[in-house]
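Here is the structure we will look at, set down as structure tokens.
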Amino acid sequence: MANSVTDGVTDRLADRLLGLRAYLAEAGLEGFVVWRDDMFMGEEVRPCDERLAMISGFGGSAGYALIMADNAVVFSDGRYHLQLENQLNKALWQWADSTPDALLEAIKAEVIRTGAIKAKGDRLTIGFDATTTSLAKWRKLPTQVDDKAINWQGLAENPLDNLWQDRPAPHRSPAWPLADDVAGQSAAQKIAALQDGLVTSGHDGIIISAVDCVNWLLNIRGNDLSNTPFHLSFAYVPQSGAPVLIEGDCASYTSQSWQAFCADLGAGRYSIDAASLPMALYHALQKEGVTLVEEACPLYLPKARKNETELAGFREAHKTDALSLCRFWYWLDNCADITGYRETDLVAKLQQERAQADSYLCDSFETIMGAGANGAIIHYRAEAGKDSAIENDNLLLIDSGGHYQTGTTDITRTFIIGAADEEMRAAYSAVLAGHIALAMARFPKGTNGAAIDAICRAPLWASGRDYAHGTGHGVGHILSVHEGPCHIAKRQGPALEEGMVLSNEPGFYEAGKWGIRLENLVAVVAFDKDYLGFETLTFVPFEAKLIDKKMLGKAACDWLDAYHAQIYEMLAPQLADEGMRGWLAAKCAPLS
């Protein structure tokens with residue numbers, strides 16, 4: 001556990017922490033856990049549900065906090081360690097890596113340190129919000145620390161909400177339909193297949209609590225979130241008959257609140273997904289006496305295996321996105337004084353370029369625009385008034401993406417502003433070598449992402465480099481830009497299957513100096529009856545000024561030359577400006 005460095009925390013954050021501790025004392029609780037999740041357990045939450053940031057000031061998209069009478073800790077993973085250092089007030093907060101035992105160790109340290117807790121007997125009571133805690137997460141909570149049992153108390157209302165006087169109003173809007181010729185399959189076909197499975201399993205129905213699965217199944221999308229086109233809702237699908245939307249608003253389906261749904265469900269045998277079902281719903285269903293069968297949502301894998309229509313949509317979206325990125329890069333290269341701009345200026349410029357496309361819906365996440373040292377903060381977010389000016393003779397890392405009417409994009413490129421030094425070129429070339437190694441990989445059917453993660457890391461390991469994040473995440477089709485269950489990482493996961501779309505994004509980060517990440521999206525494709533590989537979907541050049549071709553080897557250089565030739569052939573006819581076509585030709589010139 002480590003103390004943090006911060007640029008200042010407002011009195012309001014300190015007052016909220018004091019207010020929560022006053023509530024704990026009055027309620028007889030020794031502590032309270034604040035998840036970053038909302039009721040729908042997605043990566044993006046509405047501003048009104050950003051409770052972790054509200055209490056701690058930490059704005060990362062993954063993590064949680066433990067607040068006790070005399071200590072407060074935020075937990076997150078390696079992507080956010082520098083952000084924790086920058087955003088937390090060390091006078092109020094500590095931070096820790098979110099290892100499996102981190103929460104238990106923090107509770108144990110507090111028990112040992114605080115005599116007042118020792119004197120309270122053999123039981124600790126720690127609260128949590130039952131609507132933002134999944135059944136699976138609840139089951140992983142530690143139950144014993146030394147000789148004390150931990151009593152986890154699920155609360156029907158979150159005490160932070162009463163302390164959040166300027167809480168944004170909840171935003172909801174009706175669902176909109178995704179056309180069958182974009183989805184590649186009708187909702188009726190998907191529902192029928194699901195109901196066939198219910199008949200086979202003997203379930204009377206299934207409660208779908210994974211929001212992306214609800215949207216995929218019903219061919220609906222929504223505008224409830226800024227960067228994820230979800231309609232925030234659960235769904236119930238009976239063995240026969242029409243689905244019911246829970247906490248939703250869609251003209252095509254009957255909708256109910258979760259409380260009314262649980263009360264009306266009636267006896268039966270129902271499938272639930274513990275990973276996404278909130279504890280509040282689970283307890284309400286238990287009270288009704290229904291039989292609950294826990295199993296992974298059967299829609300996860302069908303949703304991840306994109307059909308040919310979805311893949312065609314991805315390709316079209318990436319072509320549109322590549323034109324936007326190239327227009328932005330051309331402007332960046334030809335700007336008279338780029339150092340007169342700040343990071344948020346460039347975020348706005350890039351968003352404007354994407355928004356020119358008629359098919360553009362929204363950005364697929366908040367753009368990461370990291371100039372110089374900020375590029376080493378893996379999930380950095382520039383804030384107006386706190387952001388940095390663009391630096392000369394340094395790197396600029398841009399991780400961004402868009403949702404379009406046919407598909408979703410996610411791309412990272414690292415640019416050089418001014419002149420590069422040899423350390424930058426060596427690191428960039430090592431990252432690019434890893435990226436290309438994965439792009440060229442072939443692997444037997446049945447291979448999971450953990451088995452091929454080292455293929456990408458090996459060129460970096462050979463030069464003493466590595467990165468503290470996964471190599472690849474799944475990507476949804478006009479859904480979440482980070483989609484399970486497939487991934488490429490050191491941790492185990494399901495086998496990669498034909499049609500899955502993932503990222504290929506190795507990186508390297510020099511804290512206090514710069515960061516490098518190079519990301520394309522790829523689709524898993526068959527190469528013969530036994531082997532799979534990747535089709536690259538993203539078509540934006542890499543920066544030749546940062547490439548040392550001696551570090552790539554002939555096979556990688558040949559791949560890169562062919563990739564750049566394909567980019568020019570695809571994009572040049574779409575560029576009316578002769579200057580831009582010449583610029584693109586130079587960017588795509590063979591390394592030889």
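- Here Thr471 contributes atom OG1 and Ile488 contributes atom CD1; the two are 7.0 Å apart, rounded to the nearest 0.5 Å.
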(request) Report the C-alpha separation of Val522 and Val501 in whole Å, then their side-chain angles, then the decisive distance to 0.1 Å, and conclude whether the side-chain contact (heavy atoms from CB on, under 4.5 Å) test is met. (result) CA-CA 6 Å; Val522 297; Val501 174; over 6 Å; no

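- The pair Arg139-Glu294 counts as a salt bridge, with a side-chain nitrogen and a carboxylate oxygen less than 4.0 angstrom apart.
- Under the 6.0 Å distance and 45° angle rule, Arg517 does not count as a cation-pi partner of Tyr467.
- Just one residue in the list Ile416, Ile338, Thr414, Leu332 forms a side chain to side chain contact (heavy atoms under 4.5 Å, CB included) with Leu396, and that residue is Leu332.
- A donor-acceptor pair shorter than 3.5 Å cannot be found between the side chains of Thr406 and Glu316.
- Taking a cutoff of 4.0 Å between a charged side-chain nitrogen and a carboxylate oxygen, Lys554 and Asp558 qualify as a salt bridge.
- Here the shortest heavy-atom pairing between Arg581 and Leu575 reads NH1-O, 2.8 Å.
- Side-chain polar atoms of Tyr563 and Asn520 form a donor-acceptor pair below 3.5 angstrom.
- Rounded to the nearest 0.5 angstrom, Leu350 CG and Ser324 OG are separated by 8.0 Å.
- Note that CD1 of Ile567 and SG of Cys326 are 7.0 Å apart. Values are rounded to the nearest 0.5 Å.
- With Tyr64 as the aromatic partner, Arg36 does not meet the cation-pi criteria of under 6.0 angstrom to the ring centre and within 45 degrees of the ring axis.
- Between Ser463 and Arg465, the shortest heavy-atom distance links the atoms OG-NH1, 2.8 Å.
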(message) For His231 and Asp224: C-alpha separation, side-chain torsions, deciding distance, then whether side-chain contact (heavy atoms from CB on, under 4.5 Å) applies.
(response) CA-CA 6 Å; His231 182 63; Asp224 294 336; 3.5 Å; yes

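- Side-chain polar atoms of His379 and Tyr80 form a donor-acceptor pair below 3.5 angstrom.
- Residue Asp561 holds its CG atom at 10.5 Å from SG of Cys588, rounded to the nearest 0.5 Å.
- Glu310 places a side-chain N or O within 3.5 Å of a backbone atom of Asn307 that can act as its donor or acceptor partner.
- At a cut-off of 3.5 Å, with distance as the only test, a side-chain donor of Ser186 or Gln189 sits close to an acceptor on the other residue.
- Checked by atom type and distance alone, the side chain of Asn219 never pairs as donor or acceptor with a backbone atom of Asn215 at under 3.5 Å.
- Using a 4.5 Å heavy-atom threshold, the side chains of Asp273 and Ile208 count as separate.
- When ring centroids are compared, His477 and Phe314 come within the 6.0 Å threshold.
- Proximity of Ile547 to Leu560: side-chain heavy atoms (C-beta onward) are separated by under 4.5 Å at one or more points.
- Taking every heavy atom of both residues into account, Ser429 and Arg425 meet most closely at OG-O, 2.8 Å.
- Here the side chains of Phe328 and Arg354 are not in contact, with every heavy-atom distance at 4.5 Å or above.
- In terms of heavy atoms, Ala322 sits closest to Leu571 at CB-CD1, 3.9 Å.
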(request) Begin with the C-alpha distance, continue with both residues' side-chain angles, and end with the deciding distance and a verdict on side-chain contact (heavy atoms from CB on, under 4.5 Å) for Leu479 and Arg221. (result) CA-CA 8 Å; Leu479 287 167; Arg221 299 295 189 267; 3.5 Å; yes

(request) For His482 and His473, run ring pair (Phe, Tyr, Trp, His ring centres under 6.0 Å): C-alpha distance rounded to whole Å, both residues' side-chain angles, the deciding distance at 0.1 Å, then the answer. (result) CA-CA 6 Å; His482 297 122; His473 57 81; 4.2 Å; yes

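- The minimum heavy-atom distance linking Gly434 with Pro506 is given by the pair C-CG, 4.3 Å.
- Summarising the geometry, atom CH2 belonging to Trp583 is positioned 6.0 Å from atom CG belonging to Asp333; distances are rounded to the nearest 0.5 Å.
- At least one donor-acceptor pair closer than 3.5 Å links the side chain of Lys190 to the backbone N or O of Trp216.
- For Tyr531, the OH atom counts as loosely surrounded, since its 6.0 Å shell holds 12 or fewer non-hydrogen atoms of other residues, nucleotides or ligands.
- Classification of Arg491 and Asp453 as a salt-bridged pair fails, no side-chain N sitting under 4.0 Å from a carboxylate O.
- Inspection of the Thr228 and Glu44 side chains reveals an N or O donor paired with an N or O acceptor under 3.5 Å.
- In this structure the side chain of Pro298 reaches within 4.5 angstrom of the side chain of Ile206, judged on heavy atoms.
- No side-chain heavy atom of Ser364 sits less than 4.5 Å from a side-chain heavy atom of Asn227.
- Here Phe542 and His435 bring their ring centres to under 6.0 angstrom of each other.
- In terms of heavy-atom proximity, Phe534 sits nearest to Leu496 at CZ-CD1, 4.2 Å.
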(request) Begin with the C-alpha distance, continue with both residues' side-chain angles, and end with the deciding distance and a verdict on side-chain contact (heavy atoms from CB on, under 4.5 Å) for Gln356 and Arg327. (result) CA-CA 11 Å; Gln356 288 185 36; Arg327 287 196 304 268; 3.9 Å; yes

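- A salt bridge is absent between Lys445 and Asp530: the closest approach of a Lys/Arg side-chain nitrogen to an acidic carboxylate oxygen does not fall below 4.0 angstrom.
- Rounding to the nearest 0.5 Å gives a distance of 9.5 Å between SG of Cys456 and CD of Glu505.
- Crowding of Asp528 atom CG: a count of heavy atoms from other residues, nucleotides or ligands under 6.0 Å exceeding 12.
- No side-chain N or O of Asp212 forms a donor-acceptor pair with one of Tyr300 less than 3.5 Å apart.
- Looking at Glu343, its side chain never comes within 3.5 Å of a backbone N or O of Ile390 through a donor-acceptor pair.
- Checking each of Arg305, Lys303, Lys306 against Glu497 for a salt bridge (Lys or Arg N to Asp or Glu O under 4.0 Å) leaves exactly one that passes, namely Arg305.
- Side-chain contact annotation: Glu423 with Tyr428, donor-acceptor N/O pair under 3.5 Å absent.
- A heavy-atom distance below 4.5 Å is not found between the side chains of Ser276 and Ser134.
- For Glu569, the CD atom is loosely surrounded, since the number of other residues' heavy atoms within 6.0 Å does not exceed 12.
- Paired with Phe443 under the rule side chain to side chain contact (heavy atoms under 4.5 Å, CB included), one option of Asn448, Leu532, Ile455 passes, and it is Leu532.
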(request) Go through the steps to decide whether His403 and Thr408 satisfy the test side-chain hydrogen bond (donor to acceptor under 3.5 Å, both in side chains), and finish with yes or no. (result) CA-CA 4 Å; His403 292 293; Thr408 296; 2.8 Å; yes

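- Using a 4.5 Å cut-off on side-chain heavy atoms (C-beta onward), Leu584 and Trp329 make no contact.
- For the pair Ile207/Ile272, a side-chain contact is recorded, criterion being any heavy-atom separation below 4.5 Å from C-beta on.
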(message) Determine whether Phe230 and Phe40 satisfy the following criterion, ring pair (Phe, Tyr, Trp, His ring centres under 6.0 Å), listing intermediate values before the conclusion.
(response) CA-CA 10 Å; Phe230 284 169; Phe40 300 100; 9.4 Å; no

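- The residues Arg413 and Glu519 are annotated as not salt-bridged, no charged nitrogen and carboxylate oxygen being separated by less than 4.0 angstrom.
- For the residue pair Ser400 and Thr367, no side-chain donor N or O sits within less than 3.5 Å of a side-chain acceptor on the partner.
- Looking at Glu366, its side chain never comes within 3.5 Å of a backbone N or O of Arg381 through a donor-acceptor pair.
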